[in-house]
Amino acid sequence: MMPVERLLIEFLLTFLSRDELNAFLRSPQNTATLVGALIAVSGALLGAFLLLRGMALTSDAISHTVLLGIVVAFLLMVHGFRVEGDTSSPWLILGASLAGVGTVALTELLYRSGLVRQDAALGLAFPLLFAIAVILVSRFVDDAHLDEDAVLVGEIGLAWANTNSHCFQNCQSVTVTEDHPAAKMTRQCVNCRELGISPRDERAEFIEVCGNCGPYSPAQAWNAGLLDSEPALVFFPKSISVTLAMTLLTLAFVLLFYKELKLSTFDPALAKALGFRPGALNYALMALVSLVAVGAFDAVGSILVIAFFIIPPAAACLLTDRLALLLLLSPLIGAAGAVFGYDLARGLLFGFLPIADGIAFVNRLFGLDLVEEWDSSISASMVLMIFLFFLLAWVFSPRYGLISTALRRANSRRLFDDQVVLAHIHNHQFTAQAATELRVETLHLHFRWTQRKMGRVLARLRALNYIRIVSGGAILTERGEERVHRFRATMLEAHNMPASLA
Amino acid sequence: METRSDLALSIDDLTVAYHEKPAIWDIDLDVPEGALMAIVGPNGAGKSTLIKAVLNLIPRAAGTVTFYGAPYEQARSLVGYVPQRGSVDWDFPTSALDVVTMGLYGKLGWFRRPGHAERELALAALEQVGLVDFADRQISQLSGGQQQRAFLARALAQDAQIYFMDEPFAAVDAVTENAIVDILRELNQRGKTVLVVHHDLQTVAEYFDWVTLLNVEIIASGPTAENFTLENLQQTYGGRVSYLHGGQLLAASAP
Amino acid sequence: MNPRPALGREDRRIWLIIAAMAILGLLFIPFSQTLFGLRFTYTVRVVALGGAILGIISGALGCFAVLRQESLLGDALSHAALPGVAIAFLLAGRELSALLIGAGIASWLGLRFVSALLATTRIKRDAALGIVLASWFAFGIALLAYIQSIPDASQAGLDHFIFGQAAAIIESDVMLVSAVGVIALLVLLAFWKEFKLVTFDAEFAGANGFRVGLINTLLSTLIVVTIVLGLQLAGVILMVGMLIAPGIAARQWTHKLDQMVILAAVFGAFAGGLGAVISALDSDIPTGPMIIVVAFVLVLISLTLAPGRGLIWSRLRQRQNRREFAARNTLRDLYRYALAHGAADTPAPDSFIRGVGDRSAALGLRQLRSEGRVTLGAAGWQLSESGISLAQGDRRNQRLWDLYRRYAYELGLPAVAEERGRDIASLLPANAVARLEAKLEEGADS
């Protein structure tokens, strides 16, 4: 990771001065927004395919299973390899993702055995894995970066603080040894524990130990005051590199396999026949979903990450029918949610509407005494913003929105009512029952409509010159006759295969 | 508007739409008491929709339906229904006898539970379809044909005047098909009216004395002998029936 | 009309399990006192009682969630309860009944939201559930964070609703849960017939004049109530496990709905009680996860051991079937060969019989030999007397089945499923078999 990160920083330094870059990265808002947006982009890209394949809850399943992978890998690091536990370590990410894919494959086996239905298998197995992970966390892990709160919401607000340091100038690594002037020597009792005596006991034997010996990187050395001149350092948040790497990987996957993904999503059988191996592609997709879920864990925890997968594509599919556009819109919606989510957490809706005013309004309305200062979880607020965008799409989408659908429905219902009445007149107008069936005053009874509704429809049809009223009965005009024929032709066409098949 | 109470079923100007697209369109249909009627038509012609709309299971856009001159709400006890077999989860934890007893729930009303009398009625219905030995079997352990017969027994237990059956012959074995035909004939002899959604054109003339040809609109309806003609079939299926070797299967050519 | 036997073998088995579980539960207290030195203080007793009562309610009602294939809906609805808890706290303070009402309203709104999405958009059900789960939960988390930022200590314990905290349960909580739970169970009892019919076949119920929409809403509401009652103990994230695990386990043991519900209630009581006690004794273990683990152990035992359905059982039956199938086929091959090359006891060369079949032939021969139907001589495999009579019987049986297929309708024979592996006389009445045999004498099968 480190050399790549360095290359990236060098690239950035051609545009920015080092101080500007450090200042940018040291701002919690910048880092959190960037990390959130990167998670949203990679999640939405993969989520779009999950959604179209009817596998939306696979992301739920995977986020539950990778938690167990993360926790087990973390415990292995700490107790097995005796290194410092670090949830953004590439090895942990890789191992936990593999565990995620493996567990999903296993559960698929379980419900294919036919004893348990798919929904029950998902509804049971994944909470179980999650439960085991939570028990492990609360019982055996004693670490600030992996506790129950981190599992729930992550620590995106602290992402800026967990950094790799890179030194560009004046770099001096220091190794403090016992004879170094800065070495701090302390006395330590060597046989106190063994004998169960206190250091003050006269039998106690002491040795001199160096408390701060060891290698120091330039950044550590400067912090410890071992250097005279400040090295040129850049502190790069680990979360940014992790999420950036997985976003690039996702992007590459989608761009490279766009054709295959499209085909196997809409017609897996054809994809197989053409030799595209949709099964392998499916597992690759699941592996990437696991990777993103693990990579996002540090920032947003293991439950909220589902929202980054599912909601942006769901909103986008209310706006467009084209796959390419869907893949463009979903990351945009997700990223916008991340950007505005940070403001929301700090009390500003869309960056300028203060939530405190809203709370004050509620206080006045209900006579309550709530604190008029909003400071909340960043990751949860990002999800809420994404959800808000979803709601906006649902209501206002020009094609599938509630408003446009309602308008279109009303229009087509009118057309439909017209057609029903026209067809009725057409069917009965020259038959023996014409006199009873087509009398204008009683026509509404045949349809079980109200008289007003029938009156409206008849007035409209007369205005359009589709019908005439002759001695109290309705008959079609030539125009009306033509309308019925045209409608019937299109309708029967929709229901029948072409007759040429015979 | 008159309603005739000598008709088992009278449909007047019925239209049903899914999302403002008509599934059946301005249908008039009169079924006399005692008719054994097949409803045939191509896929998507609205056969099941017709039955469901008649039974108030889906909303009607327009039209009236009466059973013996009364609307469905008042005639409910006169109506028996056999849904498609695929419409339920056969892994449900219940026995064949239990399924048949469900046919009597409607008559029991709220809060009352089925007792000894209901059990006897259900067993009698199972006897009729030849499943009495399977009364205690879990329904998933029945064969497809036996499941269909259990459904039929449930409708028999309702002891209705007019029966609606949605594709009872779909994917059943020959033994079951024969058993169902026997039951249909027996119901017919007892003066019941039976409407069956049917797919197999080959057997229409043999099994049914009335037929309705449906493709969104009603193409023809009446006694099989006069209405199950090649011309009507072609109109219903859009020319696709010609491969059925001309009129060989038609009632007109039957002895 | 043949009366049903008073108590079938299966029924007895169910009651046996229920009794065993009850005894196990009762023995647990003295056992754990002496074996593990657990002390059943007042608090632990309250927690155990609360867990068990909750288990009964969620086990019984959860059966319907399982049968309606709504496990994931349960998951979404329990996550969706969180913002309700937080809002109720802001409005009314830390009063359990208020918190639960808030939770119920939030969860119920989530349910309506899913239906509205499904009715007005093309978003599929699983995605709609995911959307509600994630955004309602996020709203709850955001509200909890806001509450925690208030400089006032009274919010302590609200985050217990996330993973559940048995130790926080007090006697009045148990009373509240029991009272509401009893009402929920009474409603279940009153509408038993309707719930059963609508769950099995909603279409038929509708045609019979039942108000399907109303009954569905009532049942969903009951499930929401169950979820809400369990929140304090199991938490919003893992409540679904407590809801569905007992039902899944119970389903493996029985084919009757009433037994399934009772058994699920017993399993639920066991899992709830035990899980709550374990977690109350070690405050490091959150209660919800512990209950899930206990419940899953019950599911695992049921999946492997349950007679008729369990994995071990079906594996055994598969092997048995394979052996019998192989034996029958090998017997037929031997008999056919013997008749073609002389008499019924003509031996068939080993190469012939193994050449015909592959592994199944070896399996069949082993089975037949162990039954004494064949012997291996120098000339090959020879049918013994009992082998010959078995082969003859089998052949006759197959012919009768052929005749049944051809003439059953013509002869007016009763309709039975053709289970050709079984003796036709065990499935058909004697007079029917006699008529088929008469046909066989006529040579009708040739």
Side-chain angles (χ1 to χ4, degrees), chain A residues 51 54-57 59-60 113 115-120 122-128 130-135 138-139 148-149 152-153 303-311 313-314 317-318 344-345 366 368 370-371 373-377 379-384 386-387 390 394 400 402 405, chain C residues 66 69-75 79 90-91 117 120-124 126-131 133-135 137-146 149-152 159 162-163 237-238 240-241 243-245 247-248 252 282 284-286 288-293 296 299 303 309-311 314:
Chain A
L51 196 79
M55 294 164 58
L57 286 180
S59 60
D60 187 15
S113 79
L115 285 172
V116 186
R117 286 184 181 282
Q118 180 175 0
D119 72 306
L122 287 171
L124 186 63
F126 299 124
L128 172 79
F130 194 83
I132 295 174
V134 170
I135 291 179
S138 55
R139 193 75 182 77
E148 288 167 44
D149 275 346
L152 285 178
V153 292
I303 295 178
L304 295 175
V305 70
I306 306 164
F308 291 85
F309 284 111
I310 301 181
I311 306 182
C317 91
L318 296 177
L344 180 69
F366 296 104
L368 289 167
L370 301 175
V371 176
E373 193 178 312
W374 181 265
D375 184 19
S376 185
S377 154
S379 46
S381 302
M382 288 179 172
V383 172
L384 283 180
I386 297 177
F387 180 61
F390 173 80
W394 185 28
Y400 297 107
L402 285 180
T405 313
Chain C
V66 173
Q69 298 175 33
E70 284 179 351
S71 309
L72 296 170
L73 182 69
D75 195 18
H79 280 75
L90 285 173
L91 296 180
L117 270 190
T120 60
T121 71
R122 52 183 177 164
I123 289 172
K124 293 197 191 87
D126 62 334
L129 290 175
I131 291 171
L133 185 152
S135 36
F137 185 73
F139 190 38
I141 291 288
L143 284 170
L144 282 190
Y146 164 70
S149 74
I150 299 173
D152 177 6
D159 51 350
I162 294 175
F163 288 118
I237 296 181
L238 294 169
V240 63
L243 190 68
I244 63 170
I248 295 174
Q252 311 303 324
D282 182 343
D284 262 357
I285 299 179
M290 199 59 233
I291 291 178
I292 293 248
V293 170
F296 187 76
V299 172
L303 282 180
R309 242 175 109 99
L311 283 173
S314 57

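Keep in mind the model is a prediction, meaning the values are calculated, not measured.
- When all heavy atoms of A/V134 and C/P289 are compared, the pair lying nearest together is CG1-CG, 3.8 Å.
- In this structure, the separation between CD1 on A/I386 and CD1 on C/I131 is 11.5 Å, given to the nearest 0.5 Å.
- Neither the backbone nor the side chain of C/I291 comes within contact range of chain A; no heavy atoms are under 4.5 Å apart.
- At a 4.5 Å heavy-atom cutoff, A/F308 makes no contact with chain C through either its backbone or its side chain.
- For a residue to count as touching a neighbouring chain, one of its non-hydrogen atoms must lie under 4.5 Å from one of that chain's; by this rule A/M382 does not touch chain C.
- Of the residues considered (C/I237, C/V240, C/L129, C/L143), C/I237 shows the highest number of contacts with chain A, using heavy-atom pairs under 4.5 Å.
- When each of C/A145, C/S71, C/A134 is checked for heavy-atom pairs under 4.5 Å with chain A, C/S71 comes out on top.
- For the pair A/L384 and C/S135, the tightest heavy-atom approach, listed with the atom from each and the gap, is CD2-O, 3.8 Å.
- Of the residues listed (A/L304, A/V153, A/V383), the one engaging C/F137 in a side chain to side chain contact (heavy atoms under 4.5 Å, CB included) is A/L304, and it is the only one.
- Highest contact tally toward chain C, considering only A/Y400, A/F366, A/W394, is held by A/W394 [criterion: heavy-atom pairs under 4.5 Å].
- At a 4.5 Å heavy-atom cutoff, the contact between C/L90 and chain A is made by backbone and side-chain atoms alike.
- Taking both residues in full, the closest heavy atoms of C/A127 and A/I310 are given as O-CG2, 3.8 Å, listed atom of the first, atom of the second, then distance.
- When A/V305, A/L402, A/L152, A/D375 are compared by the number of non-hydrogen pairs under 4.5 Å with chain C, A/L152 comes out ahead.
- To the nearest 0.5 Å, the span separating CG on C/L144 from OG on A/S376 amounts to 8.5 Å.
- Contact tally against chain C (heavy-atom pairs below 4.5 Å) for A/A131, A/S377, A/P127: the top residue is A/A131.
- When each of C/T120, C/V66, C/D75 is scored by its heavy-atom pairs under 4.5 Å with chain A, the top score falls to C/T120.
- Per-residue heavy-atom pair counts under 4.5 Å with chain A were compared for C/E70, C/H79, C/M290, C/Q69, and the maximum is reached by C/Q69.
- At a 4.5 Å heavy-atom cutoff, the contact between C/I292 and chain A is made by backbone and side-chain atoms alike.
- To the nearest 0.5 angstrom, C/I123 atom CD1 is 7.0 Å from A/L51 atom CG.
- Of the two parts of C/L73, neither the backbone nor the side chain holds a non-hydrogen atom closer than 4.5 Å to a non-hydrogen atom of chain A.
- At most 12 heavy atoms of other shown residues, nucleotides or ligands fall within 6.0 angstrom of atom CZ in C/F139.
- Residue with the most contacts toward chain C among A/I132, A/I306, A/T405, A/I135: A/I135 (heavy-atom pairs, distance under 4.5 Å).
- Atoms CG and CG, from C/L133 and A/D60 in turn, are 6.0 Å apart once rounded to the nearest 0.5 Å.
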